[in-house]
Amino acid sequence: MYMSIWCHNINLSSRSLAIALVVCVTLVYFSYSFNACLFASLTRTLQQSNLRNLLTLQQRNESDKATSSSTGTGTGTGTATDVGVASTVSLFTVSILNTTSVGLGHGMPSIDGAPKYQMLRQQGLRPSRHLPDTLIIGVKKSGTRALLEFIRLHPDVRAAGSEVHFFDRHYQRGLRWYRHHMPYTIEGQITMEKTPSYFVTKEVPQRVYHMNMATKLLIVVRDPVTRAISDYTQAASKKADMKRFEQLAFVNGTYSVVDTNWGPVKIGIYARYLERWLLYFPLSQLLFISGERLIMDPAYEIGRVQDFLGLKRVVTEKHFYFNATKGFPCLFKSEARSTPHCLGKTKGRNHPHIDVNAIERLREFYRPFNNKFYQLTGINFAWP
Ligand code: A3P
């Protein structure tokens, strides 16, 4: 009898032992898988954020080259000079840059071919070029460059450095050509392009629609009279013997008939062009930015743009300061306020004096078109 109890006990304890062993092995297995997963995810996040920094750095360099603007735009308070963009990136990125031979400061060579990307590619983070998701389509001389420079401070926005003019001048070259002009992005980043003449070019709405009917469209608009004077000022800066604004804006030298064939006047009839866009895109895909407010309160307008693009509000009032010498808002390229930057000399020019009667006549001319534009957009821009 003692023997049978002993055997029974042995059986029980070996079963318990087996169960304990199975539980232990299972626990070890799960803990190992969990840790491996956690480690991979941390590594991936770290690399993604560094690649993002790297791409942003490259974009800044391209942008600085494109605008070649910041030096000399202002003296005095917060003079804009591009001092070492590297200070805006994380130490980790800087160390990557230092330990490899890629000369970002001299323009990025083939980002794809660089050995340091091999590791990232293995992680599935291969940067690639995409057709734009968002376009700044106009309007010329309303603050389009300012808008682009401000929004591209966002780490999730990457933009072509210069105006590509694909939809109006190079359409026959095809979408492959266009894509090749786009910057490298990684997953989650928006590709943007700005060409202000798109807004007024007849064929463009349909062409953009054919590329991607979900394209988001940003349109900066400004009082059409000031816009016309700005447009004229730019043209006059390139041509020494340019006639006076008043001679060009009206037919027969009197202020009775406005010359609607003259580009600077014609472009200001915004409603006419908008109607064409609305044939292809719903209003919800268009965001109108006030050129006046972009100067008075850039953070407010950039906040709206970030919301519209579904981006976190990263660019805030901390990125802007008013440069009294330039008379315009300038920006800090990081929240650390380490790299002040103003737009170039070609942005924020002094306008010539224009006869007040000419201005009054032009205001009268634009009024019905402006009202139509307010009606179409549902926004009263309150232009005089
Ligand atoms: P002016 O140079 O006539 O003042 P665009 O970039 O579309 O060509 O627009 C140029 C206009 O942007 C400038 O016209 C200027 O008024 C306006 N602008 C808006 N914000 C600006 C900024 N922060 N710095 C310089 N110009 C700015």
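Since the model is a prediction, treat every value here as computed from it, not as a measurement. This chain uses plain numbering: 1 for the first residue, then up along the sequence. Values below: all heavy atoms of this structure, side chains included; hydrogens, waters and symmetry mates excluded. Counting starts at 1 for both ligands and their atoms, following the listed order.
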A.B. asks: Only one of W177, Y209, Y198 clears ring-ring contact (aromatic ring centres under 6.0 Å, His included) with F167; which?
C.D. replies: Y198
A.B. asks: How far is atom 20 (N) of ligand 1 from its nearest protein heavy atom, and which residue and atom is that?
C.D. replies: A146 CB, 3.4 Å
A.B. asks: What is the closest protein heavy atom to atom 19 (C) of ligand 1, and at what distance does it sit?
C.D. replies: I295 CG1, 3.4 Å
A.B. asks: Of the backbone atoms (N, CA, C, O) and the side-chain heavy atoms from C-beta on, which set of P196 has a member under 4.0 Å from an atom of ligand 1: side chain, backbone, both, or neither?
C.D. replies: neither
A.B. asks: Do F373 and F288 make the cut of ring centroids closer than 6.0 angstrom?
C.D. replies: yes
A.B. asks: Can you report which non-hydrogen protein atom sits closest to atom 6 (O) of ligand 1, along with the distance?
C.D. replies: R145 N, 3.0 Å
A.B. asks: Do you know the tightest heavy-atom contact between K194 and T144?
C.D. replies: NZ-OG1, 3.1 Å
A.B. asks: Between the candidates V139, L147, T144, L343, which shows the shortest non-hydrogen contact distance to atom 7 (O) of ligand 1?
C.D. replies: T144
A.B. asks: Write down the atom of R179, the atom of R129, and the distance for their closest heavy-atom approach.
C.D. replies: CD-O, 3.3 Å
A.B. asks: Just let me know how E301 lines up against ligand 1, side chain, backbone, both or neither, with a heavy-atom cut-off below 4.0 Å.
C.D. replies: neither
A.B. asks: Any heavy atom of H351 closer to ligand 1 than 4.0 angstrom?
C.D. replies: yes
A.B. asks: Do F320 and L331 make a side-chain contact, defined as non-hydrogen atoms from C-beta onward lying under 4.5 Å apart?
C.D. replies: yes
A.B. asks: Considering only protein heavy atoms, which is closest to atom 2 (O) of ligand 1, and at what distance to one decimal place?
C.D. replies: G348 N, 2.7 Å
A.B. asks: Can you tell me which residue and heavy atom of the protein come closest to atom 16 (O) of ligand 1, and the distance to 0.1 Å?
C.D. replies: R222 NH2, 3.0 Å
A.B. asks: Within a distance under 4.0 Å of any heavy atom of S230, pick out the atoms of ligand 1 and give their elements.
C.D. replies: 1 (P), 3 (O), 14 (O)
A.B. asks: When you measure from the centre of the six-membered ring of F250, is the NZ or CZ of R361 closer than 6.0 Å and no more than 45° off the axis?
C.D. replies: no
A.B. asks: Under 6.0 Å between ring centres, would you say that holds for F245 and W262?
C.D. replies: yes
A.B. asks: Are there over 12 heavy-atom neighbours, none belonging to H351, within less than 6.0 Å of that residue's NE2?
C.D. replies: yes
A.B. asks: Where on F150 is there a heavy atom closer than 4.0 Å to ligand 1, on the side chain, on the backbone, on both, or on neither?
C.D. replies: side chain
A.B. asks: Return the closest protein heavy atom for atom 24 (N) of ligand 1 as residue, atom name and distance.
C.D. replies: F328 CB, 3.5 Å
A.B. asks: How about F369 and W383: are their ring centroids closer than 6.0 Å?
C.D. replies: no
A.B. asks: Please report which non-hydrogen protein atom sits nearest to atom 23 (N) of ligand 1, along with the residue it belongs to and the distance in Å to one decimal place.
C.D. replies: P329 O, 2.8 Å
A.B. asks: Can K216 be said to sit on top of F308's aromatic six-ring, NZ or CZ under 6.0 Å from centre and within 45° of the ring axis?
C.D. replies: yes
A.B. asks: To check your reading of the model: name the closest protein heavy atom to atom 12 (O) of ligand 1, its residue, and the distance in Å.
C.D. replies: G143 CA, 3.3 Å
A.B. asks: Of the listed options (K140, K347, K326), which comes nearest to atom 8 (O) of ligand 1 when hydrogens are ignored and any heavy atom counts?
C.D. replies: K347
